[in-house]
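Working notes for the structure below.
The model shown is predicted, which means the values in this text are computed figures rather than measured ones.
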Amino acid sequence: MINILFIHQSAELYGSDKTLLLLLKHLDRKKFNPIVILPFDGPLKSALEFENIKVYIFPVLKLHRKMFSPKNLFQFFIDINNGIKMLDKLNKVNQFDLIYSNTLAVLLGIIYAKKRKIKHIWHVHEIIESPKIFTKLFCQLLQLKSNTKIVYNSIATQRFWDINNSLSKKSVVIWNGLEKIKQPITDEEKEKIRTTFFNASSNEIVIALVGRISRWKGQLVLLDAFKILSKNNLAIKLVYIGSPPPNQDNFLFDLKQTIEKNKLTSNVSIIPFQKEISKFWQSIDIAVVPSIEPEPFGLVAVEAMLANKPVIASNHGGLTEIIINNYNGFLVAPNNDLELANAIQLLINYPTLRIEQGENGYKRALQEFSVESYVKKFEAFFDNITYL
């Protein structure tokens with residue numbers, strides 16, 4: 001049995017949370033024994049415990065912008081001491097073979113691995129262009145010898161962090177994977193969701209952006225594109241599904257204000273984060289991922305593809321590895337509302353193109369981004385690193 005300590009920076013069910021849940025849910029439990037550390041309670045904890053995975057709550061030493069005040073730095077060093085003591089207790093019982101840090105945001109794993117000389121894996125899900133001090137800091141942390149291996153979620157993420165190719169010998173790219181939709185919803189269920197949540201009739205085209213409401217996810221550029229489209233298309237609706245990060249409600253406030261200012265409240269809906277997101281994907285017509293900064297991967301694009309939806313995405317980052325232009329969607333220039341509007345208009349005008357690109361996307365998702373392939377690659381990876 002290989003005992004692995006998994007440390008994660010959140011307990012929600014967004015991108016990196018989902019990838020961890022799916023990995024542990026499908027991991028061969030006869031061969032691998034996962035123990036999980038989370039910083040707080042939440043839906044991820046419940047989902048993991050439903051799979052009979054042990055979860056513990058205590059500080060994971062999460063790096064954030066506000067930590068560099070004297071008060072927060074003092075608390076950080078207290079948390080280091082407490083975290084090591086707690087992990088020592090767990091390690092005494094479980095004798096960890098590997099420590100897996102999920103996302104760069106958590107530092108407890110690398111600190112403990114270095115102190116106790118345990119093999120460490122850092123699964124990198126981020127591209128951090130600013131602030132530059134964070135970029136430099138993480139580059140140095142990834143260079144540490146106590147990092148046994150580094151897993152990147154895309155080629156784009158690897159290229160960002162390994163500029164000089166100095167980490168290539170201990171790096172690997174494993175694309176994220178998702179489960180197939182187990183039971184498609186009925187036409188009646190789709191209509192109910194469209195009517196109740198989207199305020200859309202059966203003959204209206206629903207355009208959706210699913211994800212965090214934040215500075216860089218592109219909600220405002222999509223709204224600008226929708227304004228352009230609304231001049232010539234009466235039967236369209238725009239839907240945002242997601243919530244802002246903790247303590248960042250100002251992004252949601254600004255979005256609502258902009259919608260009201262442009263008199264689009266009857267055509268634009270904002271829906272909070274939904275646990276059963278596949279039902280909503282199946283009920284929309286066009287998926288948009290208009291991130292103005294590079295997505296390290298772009299899991300929502302794969303979710304849309306598994307629901308047979310065409311995806312229009314920004315032409316940078318990991319999205320360029322998921323979307324094949326004019327095959328399962330379109331890649332458009334980032335932060336360009338006119339080019340985005342033109343791509344959406346093309347899919348509005350040609351229903352058969354929407355169907356064709358949706359079918360192509362579904363095939364590509366099964367072939368390249370299945371949960372089976374994702375977990376199989378990780379199991380082989382864990383095996384190899386254990387016997388290094």
Quiz prompt | H123 and F381 aromatic centres sub-6.0 Å | solution = no
Practice problem: Supply the atom-to-atom distance I110 CD1 to K114 NZ, rounded to the nearest 0.5 angstrom. | Solution: 8.0 Å
Exercise. Using the side chain to side chain contact (heavy atoms under 4.5 Å, CB included) rule, take Y152 and S171 through it: C-alpha gap first, then chi angles, then the decisive distance, then the call.
Key: CA-CA 7 Å; Y152 299 98; S171 299; 3.5 Å; yes
Self-check item: No-hydrogen, no-angle side-chain donor-acceptor test under 3.5 Å, S370 and S373
Solution: no
Quiz item: Quick one: does I35's side chain get under 4.5 Å of N3's, heavy atoms only?
Solution: no
Exercise. Take atom CD of E276 as the centre, draw a 6.0 Å sphere, and report whether it contains more than 12 heavy atoms from other residues, nucleotides or ligands.
Key: no
Quiz item: Taking C-beta and beyond as the side chain, do W281 and V210 meet within less than 4.5 Å on heavy atoms?
Solution: yes
Quiz item: In Å, rounded to the nearest 0.5 Å, how long is the span from CD of E293 to OG of S314?
Solution: 11.0 Å
Exercise. Treat each ILVMFWY residue as a node, draw an edge where side-chain heavy atoms are under 4.5 Å apart, and state whether F226 and I241 are in one component.
Key: no
Quiz item: Within the distance-only criterion (no hydrogens, no angle test), does the side chain of Q274 pair as donor or acceptor with the backbone N or O of P272 below 3.5 angstrom?
Solution: yes
Quiz prompt | Residue list, ring-ring contact (aromatic ring centres under 6.0 Å, His included) with F369, at least two apart or on another chain | solution = W175, F297
Exercise. Looking only at non-hydrogen atoms, find the nearest pair between I286 and I312 and report the distance.
Key: CG2-CD1, 4.1 Å
Exercise. To the nearest 0.5 Å, tell me how far I7 CD1 sits from I37 CD1.
Key: 6.5 Å
Quiz prompt | Electrostatic pair K227-D224, nearest N-O below 4.0 angstrom | solution = yes
Quiz item: Where the side chain of Y240 meets the backbone of I213, is there a donor-acceptor pair that is under 3.5 Å apart?
Solution: no
Quiz prompt | Exam field: side chain T320 to backbone N315, donor-acceptor pair closer than 3.5 Å | solution = no
Quiz prompt | Selection residues 42-51 - residue pairs positive for salt bridge (Lys or Arg N to Asp or Glu O under 4.0 Å), sequence neighbours left out | solution = K45-E49
Quiz item: Judged by atom type as modelled, is there a donor-acceptor pair below 3.5 Å linking the side chain of E321 to the main-chain atoms of A156?
Solution: yes
Practice problem: Give the ring-plane orientation class for F378 versus Y374, where under 30° counts as parallel, over 60° as perpendicular and anything between as tilted. | Solution: perpendicular
Quiz item: Can you hop from V36 to F50 via hydrophobic side chains spaced under 4.5 Å?
Solution: no
Quiz item: How far does CD1 of I84 sit from CG of N91, to the nearest 0.5 angstrom?
Solution: 12.0 Å
Quiz item: Any donor-acceptor pair under 3.5 Å linking the side chain of D17 with the backbone of L44?
Solution: no
Quiz prompt | Other cluster members, I324 - Ile/Leu/Val/Met/Phe/Trp/Tyr, side-chain contacts below 4.5 Å | solution = Y327
Self-check item: Check against side chain to side chain contact (heavy atoms under 4.5 Å, CB included), Q357 and N326
Solution: CA-CA 8 Å; Q357 290 195 349; N326 206 24; 3.7 Å; yes
Quiz item: Shortest non-hydrogen contact from I292 to G218?
Solution: CG2-CA, 4.2 Å
Quiz prompt | Closest approach of S101 to H120 (non-hydrogen atoms, all atoms of both residues) | solution = OG-NE2, 2.7 Å
Quiz item: Considering only heavy atoms from C-beta outward, does the side chain of Q248 approach that of F253 to under 4.5 Å?
Solution: no
Practice problem: Carefully, step by step, assess V60 and L38 under the rule side chain to side chain contact (heavy atoms under 4.5 Å, CB included). | Solution: CA-CA 7 Å; V60 299; L38 299 177; 5.9 Å; no
Self-check item: Identified side-chain contact (heavy atoms from CB on, under 4.5 Å) partner of H125 from the options L104, L20, N153
Solution: N153
Quiz prompt | Where I127 and P294 come nearest, the two heavy atoms and their spacing | solution = CD1-CB, 4.1 Å
Quiz item: According to a 4.5 Å side-chain heavy-atom criterion applied to Ile, Leu, Val, Met, Phe, Trp and Tyr, with indirect links allowed, do F330 and I207 form part of one hydrophobic cluster?
Solution: yes
Quiz item: Is the shortest heavy-atom distance from the side chain of I259 to the side chain of I270 under 4.5 Å?
Solution: yes
Quiz item: Considering residues, nucleotides and ligands other than R159, do more than 12 of their heavy atoms fall under 6.0 Å from its CZ?
Solution: no
Quiz item: Is the backbone N or O of P244 less than 3.5 Å from a side-chain atom of D249, with the two atoms forming a donor-acceptor pair by type?
Solution: no
Quiz item: F6 and P34: which non-hydrogen atoms are nearest, and at how many Å?
Solution: CE1-CB, 3.6 Å
Quiz prompt | Closest non-hydrogen atom pair between L347 and R354, with its separation | solution = O-NH1, 2.6 Å
Exercise. Indicate yes or no for a side-chain donor-acceptor contact from S146 to the backbone of A113 under 3.5 Å, with no hydrogens or angles considered.
Key: no
Self-check item: F198 side chain reached by I284 side chain, heavy atoms, under 4.5 Å
Solution: yes
Quiz prompt | Geometric class of the W161/F138 ring pair [parallel <30°, tilted 30-60°, perpendicular >60°] | solution = perpendicular
Self-check item: Residue pairs fulfilling salt bridge (Lys or Arg N to Asp or Glu O under 4.0 Å) with at least one residue in residues 357-382, sequence neighbours excluded
Solution: none
Quiz item: Is L141 reachable from I111 through a run of I, L, V, M, F, W or Y residues, each pair having side-chain heavy atoms under 4.5 Å apart?
Solution: yes
Quiz item: Is I228 linked to V239 within one hydrophobic cluster, defined over Ile, Leu, Val, Met, Phe, Trp and Tyr using a side-chain heavy-atom separation of less than 4.5 Å?
Solution: no
Quiz item: Under 6.0 Å from the NZ atom of K170, do we count more than 12 heavy atoms belonging to anything else shown?
Solution: yes
Exercise. Only counting residues at least two apart or in another chain, list the ones meeting ring-ring contact (aromatic ring centres under 6.0 Å, His included) with F160.
Key: none
Quiz prompt | Check: S16 main-chain N/O paired with N102 side-chain donor or acceptor under 3.5 Å | solution = yes
Self-check item: Salt bridge D285-R194, side-chain N to carboxylate O under 4.0 Å
Solution: yes
Practice problem: Find out whether I385 and D97 are in side-chain contact, i.e. whether some heavy atom of one side chain is under 4.5 Å from a heavy atom of the other. | Solution: no
Practice problem: Report the C-alpha separation of I344 and L229 in whole Å, then their side-chain angles, then the decisive distance to 0.1 Å, and conclude whether the side chain to side chain contact (heavy atoms under 4.5 Å, CB included) test is met. | Solution: CA-CA 8 Å; I344 296 172; L229 293 165; 3.5 Å; yes
Quiz item: Can you check whether I193 reaches I185 side chain to side chain, under 4.5 Å on heavy atoms?
Solution: yes
Quiz prompt | S168 backbone acceptor or donor facing D162 side chain under 3.5 Å | solution = yes
Practice problem: Count the heavy atoms belonging to other residues, nucleotides or ligands that lie under 6.0 Å from CZ of F40, then report whether that count exceeds 12. | Solution: yes
Exercise. State, with a plain yes or no, whether a side-chain heavy atom of I236 is found less than 4.5 Å away from one of L238.
Key: no
Exercise. Scan for side chain to side chain donor-acceptor pair (under 3.5 Å) pairs involving residues 338-347, sequence neighbours excluded, and state none if there are none.
Key: N233-Q345, Q345-N349
Self-check item: Distance-only polar pair, side chains of S166 and Q143, donor-acceptor under 3.5 Å
Solution: yes
Quiz item: Out of curiosity, L299 CG to E303 CD, how far, rounded to the nearest 0.5 Å?
Solution: 5.0 Å
Practice problem: Could you tell me the separation between the OH atom of Y56 and the CG atom of L90, rounded to the nearest 0.5 Å? | Solution: 5.5 Å
Quiz item: Would a distance-only check, ignoring hydrogens and angles, find a side-chain to backbone donor-acceptor pair under 3.5 Å from N328 to N360?
Solution: no
